[in-house]
4 protein chains.
Amino acid sequence: MTSIKKIDKKEAILEAALNLFASKGYYTTSMSDVAKEAGVAKGSLYNYFFSKENLLEAILLSILDVSNDLEKELVQTQSPNEFLQQIIEGQFELVCSNRDHWRFMYALSLQPGVFEFSIELLQQRIKENMKEVVSQFEKKGSADPEIDARLFIGTLDGLLLQVITNLDDFPVENLKQGMINKYCK
Amino acid sequence: MTSIKKIDKKEAILEAALNLFASKGYYTTSMSDVAKEAGVAKGSLYNYFFSKENLLEAILLSILDVSNDLEKELVQTQSPNEFLQQIIEGQFELVCSNRDHWRFMYALSLQPGVFEFSIELLQQRIKENMKEVVSQFEKKGSADPEIDARLFIGTLDGLLLQVITNLDDFPVENLKQGMINKYCK
Amino acid sequence: MTSIKKIDKKEAILEAALNLFASKGYYTTSMSDVAKEAGVAKGSLYNYFFSKENLLEAILLSILDVSNDLEKELVQTQSPNEFLQQIIEGQFELVCSNRDHWRFMYALSLQPGVFEFSIELLQQRIKENMKEVVSQFEKKGSADPEIDARLFIGTLDGLLLQVITNLDDFPVENLKQGMINKYCK
Amino acid sequence: MTSIKKIDKKEAILEAALNLFASKGYYTTSMSDVAKEAGVAKGSLYNYFFSKENLLEAILLSILDVSNDLEKELVQTQSPNEFLQQIIEGQFELVCSNRDHWRFMYALSLQPGVFEFSIELLQQRIKENMKEVVSQFEKKGSADPEIDARLFIGTLDGLLLQVITNLDDFPVENLKQGMINKYCK
DNA sequence: TATGAATGAGTGTTCATTCAT
DNA sequence: GATGAATGAACACTCATTCAT
């Protein structure tokens, strides 16, 4: 029971911090803000994370965990085109399910400073994805699978960026279909 | 002469600030840092910009100016494919000419907080570009010019993002050609 | 058995605290440090001592106890010179047996703040010693026994200070003999 | 003029800090306390000293400066006994002129932690003095000049310690004469 | 106009102490 | 009695901004 409570509190802090960091920014959110939002005392934060930076790290890892889970579900034998389509749909769903969080991730990965850590995490994930996508293009008989894969991922990222930064009336579905038509047929 | 000096100093501050913000981040760069880098006294910064945020604004405007200049050069009558190719090449050149600055721009546009201003600027520019691109796809007889335009711009942004975040051994040229082949033929 | 355990735990805390205070300093040692070193929970400390300051007090008293025990052993009828020599030898042995602890005591006695308590304890002890030493110098027929006693104790303290603050290659024995020759012949 | 003011302020901070550290202790004095006592803003402290520890260092150096000045005045050709007497008188005067400061110095030199720096400074000074005293005892034809010198300095330190820790009715003069009679005849 | 010392609100972090379990 | 999570006041230090010179 104790452990459940403990986990709950840690989760509460993580969630509060993620929401604040994502909505106000990392530097403009103080640890006091996080404590207030999480409903705990300032000092308690340091029972769970030993610094603000460490809290950020934990957030990033938890976001990537969600993302990794989704990827594992997806790895099944299919035709290359079906597979690529699944990737597109999965990523769109992931990002649409919480734009703020993903905007935060993208922002971090572009920032210098504290965040080198996050860049590495993301880049590693990207490399793994890239390998997978390259092999799909090889199966398709692409003339230059690496370039095709980069184009594919670049397009996906660019579209997701548009999703992230645009308002609600954005034609997400059409865009997704457009990409599927262009890359998975 | 005074006015020349004045302009020089303002430029020096802008340049120093841009370099520092781009390389160390906005929040992790202090006004003292900027003053030192620019070779002026801390207090002098406030003769040219009334706040740190205002200095940031001025930087953004100056970057967008460069970008706009390039765009104006480019608008000439051509076939749609040639025109789109020119956009691609222009943007690649722009971003490659100073990755750090553009990384900074992308990062800002994804950040909440102080930076809403920059998002609007960028979004406005994007909308204008979008209109132009849409009309090119109309000329090409596209079935859904708006979606095609978004795909085009998304792909371009995504690839540029890859350029920005990747190391020097990145196959920029091949990628550019790949996009041209896929979108301008 | 319970009471034995209890005593053991209290002793363990005292010893841990003394070692840490002596080696790292009072203010730079946290109650958490003490708990960890003593192998008990942080909260348990407060079952035995009601505050950090109180813990310090208990330590001081325990050190002075050791010191008092030694003195009691020593009070036996002898010639004044032999008696004074015994004092010198006893103090040297005491201090040499644990330099860190005695360094800590001397340091405390010189510090303002929390430690007024310790100063009084020490001063009281010193006064008692002084009385004893004065009476020995009276027996010796000293012209000014009080001054001689202060000189004696001052010299002893000063030499012990040298012992405390110096490294291992220090000529302790020679110094002790030197003082004995100068004051007990 | 500016520089005079600047020096004045730095001096004011040093003096305020010394008084507070000496009367309340280093750890129990906050930088806010120092600022208030010195009549400046908290932030201003950091225009002159880059940390609390650095402020302490500056204080120690300034105290040792005073002490060194006094020593330089003293080095003149004399008989060994006269020279040693001068040392005794000089040290007594120095310490009596500001007991609190010297109590602080002695306390620091016995404390672990931040203060290793001060110990080294003091020990170095002591070594230099020791050399001088040893050579005086050599001149006197002492059988073991090193031991005699250590005894001399130990006695002096021990007596000064008594001066430092005792109240105002203390027979300083008699004690000083006592030591002179015992060591300089 | 140029300067940089002065300011003080605000930051991340620590830690003695409490108390529900 | 034993525990260690929770607390919040206090700390050293930063930095955008001001203003007397």
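Model, not experiment: these values are computed from the prediction. Basis for what follows: all heavy atoms, side chains included, without hydrogens, waters or symmetry-related copies. We name chains A, B, ... by the order of the sequence lines, and we start the count at 1 in each one.
Relative to the six-membered ring of B:Phe49, B:Lys10 meets both conditions, a distance below 6.0 Å and an angle of at most 45° to the axis. Stacking of A:Lys52 on the aromatic ring of A:Tyr26 is recorded, both the 6.0 Å distance cut-off and the 45° axial limit being met.
F:dG1 atom C1' lies 12 Å from atom CD1 of C:Ile13, rounded to whole Å. Rounded to an integer number of Å, the gap from D:Lys24 NZ to F:dA10 P is 12 Å. The distance from atom CG of A:Leu45 to atom P of F:dT7 is 10 Å, rounded to the nearest whole Å. Computed from coordinates, the D:Asn54 CG to F:dA12 P distance equals 14 Å when rounded to whole Å. The interatomic distance linking B:Phe49 (CZ) with E:dA2 (P) rounds to 12 Å, in whole Å. A straight line from NZ of B:Lys36 to P of F:dC15 spans 11 Å, rounded to a whole angstrom.
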Nucleotide pairing, DNA chain F (Watson-Crick or G-U, distances under 3.5 Å), in dot-bracket with [ ] and |: .||||||||||||||||||||

Spell out protein contact along nucleotides 9-15 of chain E as letters: B when the base is contacted, S when just the sugar-phosphate is, - when no protein heavy atom is under 4.0 Å; keep the 5' to 3' order. -BSSBB-

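Results of the side chain to side chain contact (heavy atoms under 4.5 Å, CB included) test with A:Ile59 over A:Asn54, A:Leu108, A:Ile13, A:Leu14 single out A:Leu14 as the only residue that passes.
The side chain of B:Tyr48 contributes no N or O atom lying less than 4.0 Å from OP1 or OP2 of E:dT1. Regarding contacts with the backbone of E:dA6, a side-chain N or O of D:Lys9 is found under 4.0 angstrom from either OP1 or OP2.
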Show the numbers, then the answer: is there a side-chain hydrogen bond (donor to acceptor under 3.5 Å, both in side chains) between C:Ser30 and C:Asp33? CA-CA 5 Å; C:Ser30 70; C:Asp33 291 337; 3.3 Å; yes

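Proximity of B:Lys9 to B:Asn47: side-chain heavy atoms (C-beta onward) are nowhere separated by under 4.5 Å. Using a 4.5 Å heavy-atom cutoff, the side chains of C:Tyr27 and D:Thr28 are in contact. A:Ile63 has its side chain within reach of A:Leu18: a pair of non-hydrogen atoms, C-beta onward, lies under 4.5 Å apart.
Of all the heavy atoms in B:Ser109 and B:Tyr106, the pair that sits closest is OG-O, 2.8 Å. Between C:Asp100 and C:Ala22, the shortest heavy-atom contact is O-CB, 3.8 Å.
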